[in-house]
Amino acid sequence: MSAPTGNGSIEVVSVTKTYHAGAMPAVDRLDLRIDHGSYCCLLGPSGCGKTTILRMIAGHEVPTEGDILIGGRNMTNLQPVERGTAMMFQSYALFPHRSVLDNVAFALKMRGASKADRHAKARELLQKVHLEAFANRLPAQLSGGQQQRVALARALITNPRVLLLDEPLSALDEYLRLQMRGELRRVQRELGITFIHVTHTQLEAIAVADTVVVMAQGKIEQAASARDIFLNPRNAYVTRFIGGQNVLSGAVERIAGGSAIAVTGTGARIEVPLNGAQVAVGEQIFGSLRRDRVAVRRRDPALSPKDMINAFAGEVHAIENQGSYVKMTIDVGDGEEFVANVLDEDYFVDPIDIGAPVLASWPVREVRLLEDRRPAQRTDAMAAAA
């Protein structure tokens, strides 16, 4: 297969999409740049606008305002066939009466390519997705994962510079999803074209993407590398949605040594490194804390967590064995889910059951200050300290 021609960079410039007058925008004044040859995942819950963006890039929707550029050229009012993109849909939409080979070659048939040429290119792509031995089978004779690979090969046969994937793995079971996301990443690297992949699954996005774009209500909450998104979430929404981290919050009691000491709603004290950020006493601040950085031990009745910093007293609410670690959900009394991921080799030395009183603690260096801020009323603990 020849290399795709042209620059597959994407620019979404001040784009708004409203479907009905007076309705909330599906996409609201959105700006986004995706580099040529990168793998980008648009991540968010249903209704956040991610599929609408994909359809506008493909040309299946027209922005109400703003522009879509591909390779530096404005594509806003061009037809899909003029854009150099291809779409891989959530449903495979394979022709049931055509062979795998003819399904893959169909787009070239519609463009007038000879049978020999289109079959040669189709076989080349089937080899790339490891399905060359299945060329003469019908789609019904394939597994779900194999059908997905046929759909991928069919999308690639027009030699696009941008491949758009709309929830491509949602119809597969967990085992096949793991296989296919590795396959997608491998093919993208080999071809060097731009992939834009819509998903609501956090682990899927982090596993395959160079850039993860987290969305909410038609806007971008954070766009960064998968590693940065996980290690340095911008705000509480991103932290909760990406998962793997706890959100801490409290009213600032004092500033000491470059950190804020804040009092939570239950009276516990947390230390949040500021790294140069300016916060005020009384202000409500938020921090993120990785679940695998939390230590859990049985609670000593003689110890009061209110006399400690970075320690929550609570009761084990749920236990889930995840194989390499045990997920412990702890009720700490503030309504916010608090989770510790404890290594299995540590947990099973002295297993702690549901209902047990525990103390969860963590090093201060593991807390990251989030952008969320709001004025807070003085807590009872702060009033007593004053």
Side-chain angles (χ1 to χ4, degrees), residues 32 34 38-51 53-54 88-92 143-145 148-149 151-152 163-189 194-216 220-247 288-294 318-329 336-344 347 366 368 370:
L32 175 65
I34 301 169
S38 66
Y39 199 130
C40 175
C41 272
L42 305 180
L43 174 66
S46 297
C48 73
K50 56 189 186 295
T51 297
I53 294 172
L54 201 74
M88 184 175 169
F89 294 98
Q90 184 174 354
S91 60
Y92 313 135
S143 69
Q148 185 68 284
R149 293 183 190 191
L152 174 60
L163 181 64
L164 307 168
L165 306 100
D166 187 10
E167 299 277 7
L169 309 182
S170 61
L172 303 177
D173 62 36
E174 181 64 21
Y175 177 74
L176 288 176
R177 273 201 299 271
L178 292 174
Q179 279 192 321
M180 271 306 299
R181 72 190 193 195
E183 192 76 6
L184 288 172
R185 186 58 169 156
R186 178 186 65 81
V187 170
Q188 189 270 335
R189 283 291 179 90
T194 306
F195 274 33
I196 306 178
H197 176 147
V198 161
T199 183
H200 62 271
T201 305
Q202 297 89 333
L203 289 178
E204 185 177 307
I206 290 173
V208 300
D210 298 310
T211 301
V212 176
V213 179
V214 182
M215 295 188 60
I220 294 174
E221 291 292 330
Q222 187 172 358
S225 71
R227 180 171 173 79
D228 282 346
I229 287 279
F230 181 77
L231 293 181
N232 299 297
R234 176 184 170 190
N235 55 33
Y237 172 85
V238 174
T239 304
R240 294 186 181 107
F241 191 81
I242 289 294
Q245 307 220 27
N246 296 294
V247 174
S288 64
L289 169 66
R290 284 176 54 166
R291 293 173 175 179
D292 60 344
R293 299 300 195 252
V294 179
I319 297 286
E320 296 179 21
N321 189 343
Q322 301 292 317
S324 61
Y325 67 90
V326 175
K327 177 183 175 183
M328 301 181 67
T329 303
E336 179 83 42
E337 182 181 74
F338 189 87
V339 176
N341 291 342
V342 181
L343 284 174
D344 65 320
Y347 175 83
E366 301 298 344
R368 301 286 183 273
L370 301 174

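Below, each value reflects all heavy atoms present in this structure, side chains not excepted, and no hydrogens, waters or symmetry copies. Residue indices begin at 1 and follow the sequence shown.
Side-chain contact between L42 and L32 is present, with heavy atoms from C-beta onward closer than 4.5 Å. Inter-residue side-chain proximity for L54 and I196 is flagged as met; some heavy-atom pair is nearer than 4.5 Å. Counting heavy atoms from C-beta on, the side chains of L169 and L184 come closer than 4.5 Å. The shortest distance between side-chain heavy atoms of R185 and D210 falls below 4.5 Å. Taking 4.5 Å as the limit, some side-chain heavy atom of F230 sits within range of a side-chain heavy atom of R290.
Among residue pairs with one or both ends in residues 221-235, those qualifying as salt bridge (Lys or Arg N to Asp or Glu O under 4.0 Å) are R234-E371; sequence neighbours excluded. The stretch residues 166-178 participates, sequence neighbours left out, in these salt bridge (Lys or Arg N to Asp or Glu O under 4.0 Å) pairs: E174-R177.
Nearest approach of P233 to V238, heavy atoms of both residues: CB-CG1, 3.9 Å. Smallest separation of non-hydrogen atoms from M328 and I319: CG-CD1, 3.7 Å. Residue V213 comes nearest to C40 through the heavy atom pair CG2-SG, 3.8 Å, listed as atom of the first residue, atom of the second, then distance. Nearest approach of P45 to K50, heavy atoms of both residues: O-NZ, 3.1 Å. Here the closest heavy-atom approach between residue T199 and residue C41 is recorded as CG2-SG, 4.4 Å.
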Verify side-chain contact (heavy atoms from CB on, under 4.5 Å) between I242 and L43, making sure each step is shown before the conclusion. CA-CA 9 Å; I242 289 294; L43 174 66; 3.6 Å; yes

Checking side-chain contact (heavy atoms from CB on, under 4.5 Å) for the pair E337/R240: CA distance, chi angles, key distance, verdict? CA-CA 10 Å; E337 182 181 74; R240 294 186 181 107; over 6 Å; no

When you look at V294 and F338, which way does the side-chain contact (heavy atoms from CB on, under 4.5 Å) test go after all the steps? CA-CA 10 Å; V294 179; F338 189 87; 3.9 Å; yes

Run R149 and M180 through side-chain contact (heavy atoms from CB on, under 4.5 Å) and show every step you take. CA-CA 8 Å; R149 293 183 190 191; M180 271 306 299; 3.6 Å; yes

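Listed by chain and residue number, nothing satisfies the side-chain hydrogen bond (donor to acceptor under 3.5 Å, both in side chains) test with Q222 (two or more places apart in sequence, or in another chain).
Under a 3.5 Å cut-off, the side chain of R368 and the backbone N or O of S288 do not form any donor-acceptor pair. Counting only distance, with no hydrogens or angles, the side chain of Y237 and the backbone of M215 share a donor-acceptor pair below 3.5 Å. When atom types are taken as modelled, the side chain of N235 and the backbone of L370 share no donor-acceptor pair closer than 3.5 angstrom.
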